Amino acid sequence: MKKPILIASASFDEHAYSPVSKLLERQGYPVVVYKTDRLLSGEDKLQVDLSGETPSITYNGVSIASEDVSAAWYRKVGSFSLADADSQLAKQLYMNNEVRALHDTIWPSLYPGDIWLSAPGNIAHADRKLQQLLVARQVGFSVPQTMVGSDWESLISTLLPSQQSLMIVKMMRGVISDENQIKAMPTTILNQQKATELSAYTSPFPGLYQPYIPKAREWRVTVVGQQVFPAAIYTESSAKDDWRIHQESLAVQFKAEELPEGVGELCIQYLQEMGIGFGAFDLIEQPGGEVVFLECNPNGQYGWLEEDLALPISEAIAGELAKIAEAA
């Protein structure tokens, strides 16, 4: 009998892991889906025991120790909601951080890296925005001029040299609890006037600043191992800041199109340098044709691309996990 494949996630992301799980089960692989939120609610049970010669790890009484699973997928383990999240948002964020810190200890310490589609430690490394830009440039991508700092005058003079200049600001994580409300800051466009107004009452730090890049079209490129699934993004003027904000509107259109030559190979090389088997790339194609790397989410969303454009991403993920399982 085949050893189980472990999917470490949370109920919140069932729309992503469920199709993969079903594909694996059809191929004869038992699947164990670990769900953080069910542990927190008491519905499921996890036990890690280090007293023996080898660590014992059980989930609902079933061993999920590394020697008892053939492959594993670490998929948004920290995506969960507490029962009182609406009234205790600060607690929700705190618990999310605590759970993330615990998982950052458990999985990398007790499981070998080659069992994962993307090892948890490598995902954490690949999630750092500045690291992404450095690696992207190393493999041959064009990357934007980027600044992080606490000096408004320097940022404005460097990135906004004229009244016609524009720059964007994005946050490292971008989610806070303020007066018991979750607030998120999307990518925001600033001109000289807006930046000067901001400088009167807030610090530019923490934040990541880049010149605004004109867009002929954008790309969301999902890569699984050696397989590349590109989606071109066309935005109207009202959605040029951040297509995610306007994703459900008519101002944003997704189309299955071929990437410019060589870009797919750069994406594959990037994943290899990061040591991960999955990545969701955000790229800009400028009016002149140059493709610019913005970021790569090592655990990004892709479900709507499967549904709207019939991109077989879940099939590719199941295939990679089966390949790992067969090699175990």
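Side-chain atoms are counted along with the backbone in the values below, which use heavy atoms only and exclude waters and symmetry mates. Because the structure is predicted, anything quoted here is derived from the model rather than measured.
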Any pair with a residue in residues 255-264 that passes salt bridge (Lys or Arg N to Asp or Glu O under 4.0 Å), sequence neighbours left out, goes on the list, sorted by first then second residue, please. R217-E257
In Å and rounded to the nearest 0.5 Å, what is the CE to CD1 distance from M167 to I189? 11.5 Å
Flag, side chain of Q192 to backbone of L160, donor-acceptor distance under 3.5 Å: yes
Does one hydrophobic cluster hold both V228 and L294, with members joined at side-chain heavy-atom distances below 4.5 Å? no
Mind checking ring-ring contact (aromatic ring centres under 6.0 Å, His included) for F229 and listing every partner two or more places apart, or none if nothing turns up? none
Could you state the interatomic distance from OG1 (T187) to CG (L208), rounded to the nearest 0.5 Å? 9.5 Å
At what distance, to the nearest 0.5 angstrom, does CG of L50 lie from CD1 of I57? 8.0 Å
May I ask you to test the V69-V32 pair for a side-chain heavy-atom distance under 4.5 Å? no
Will you find, in the side chains of S21 and S18, an N or O donor that is under 3.5 Å from an N or O acceptor? no
Give me the atom names and distance for the closest heavy-atom approach of P214 to P287. O-CD, 3.6 Å
Mind checking whether F281 and L271 have side chains closer than 4.5 Å, heavy atoms only? yes
Strictly by side chain to side chain donor-acceptor pair (under 3.5 Å), give each pair with a member in residues 99-116 just once, sequence neighbours left out. Y34-H103
Is it the case that the side chain of K3 and the backbone of A325 share a donor-acceptor pair, with hydrogens and angles ignored and the cut-off at 3.5 Å? no
Salt bridge R75-D13, side-chain N to carboxylate O under 4.0 Å: yes
Quick one: does W73's side chain have a donor or acceptor within less than 3.5 Å of a partner on I5's backbone? no
Heavy-atom side-chain proximity of Q163 to N191 below 4.5 angstrom: no
How about W304 and H15: do any of their side-chain heavy atoms sit closer than 4.5 Å? no
Test side-chain hydrogen bond (donor to acceptor under 3.5 Å, both in side chains) on T196 and S199; report intermediate values, then the result. CA-CA 5 Å; T196 302; S199 69; 5.2 Å; no
Where at least one partner belongs to residues 117-140, residue pairs that pass ring-ring contact (aromatic ring centres under 6.0 Å, His included), sequence neighbours excluded: none
Closest heavy-atom contact between P260 and V291? CG-CG2, 3.8 Å
Please check if atom NZ in K194 has more than 12 non-hydrogen atoms from other residues, nucleotides or ligands closer than 6.0 Å. no
Say whether V292 and L266 are linked into one hydrophobic cluster, either directly or through other cluster members, by side-chain heavy-atom distances under 4.5 angstrom. no
Side chains of Q269 and E265: do they bring a donor and an acceptor to under 3.5 Å? no
Once rounded to the nearest 0.5 Å, what's the spacing between atom CG of D282 and atom CG of N297? 8.0 Å
Report whether V62 and Y29 are members of the same hydrophobic cluster (ILVMFWY, side-chain heavy atoms less than 4.5 Å apart, transitive linking). no
With a 3.5 Å distance limit and no angle check, can you tell me whether N122 reaches the backbone of G277 through a side-chain donor-acceptor pair? no
When you compare the side chain of S56 with that of Q47, does any pair of heavy atoms fall below 4.5 Å? no
Do the side chains of L190 and I156 join up, straight or via other hydrophobic residues, at under 4.5 Å, putting them in one cluster? yes
Anything under 3.5 Å between a donor and an acceptor, one on a side chain of residues 134-147, the other on a protein residue two or more places apart or in another chain? List them.
unit_1 : atom_1 : unit_2 : atom_2 : d
Q138   : NE2    : E273   : OE1    : 3.2
S142   : OG     : E290   : OE2    : 2.9
T146   : OG1    : P144   : O      : 3.0
T146   : OG1    : Q210   : NE2    : 3.1

Starting from I7, can I reach Y302 by hopping between I/L/V/M/F/W/Y residues whose side chains sit under 4.5 Å apart? yes
Residue pair D37 / E43, side-chain heavy-atom distance below 4.5 Å: no
Counting N and O atoms only, with roles assigned by atom type, does the side chain of K2 sit under 3.5 Å from a partner on the main chain of G28, one being a donor and the other an acceptor? no
With a 3.5 Å cut-off and sequence neighbours excluded, list the donor-acceptor pairs that the side chains of residues 312-322 form with protein atoms.
unit_1 : atom_1 : unit_2 : atom_2 : d
S314   : OG     : E306   : OE1    : 2.9
S314   : OG     : E306   : OE2    : 3.1
E320   : OE2    : K323   : NZ     : 3.1

Is any side-chain heavy atom of Y17 less than 4.5 Å from a side-chain heavy atom of K35? yes
Using a 4.5 Å cut-off on heavy atoms from C-beta on, say whether the side chain of L39 contacts that of V99. no
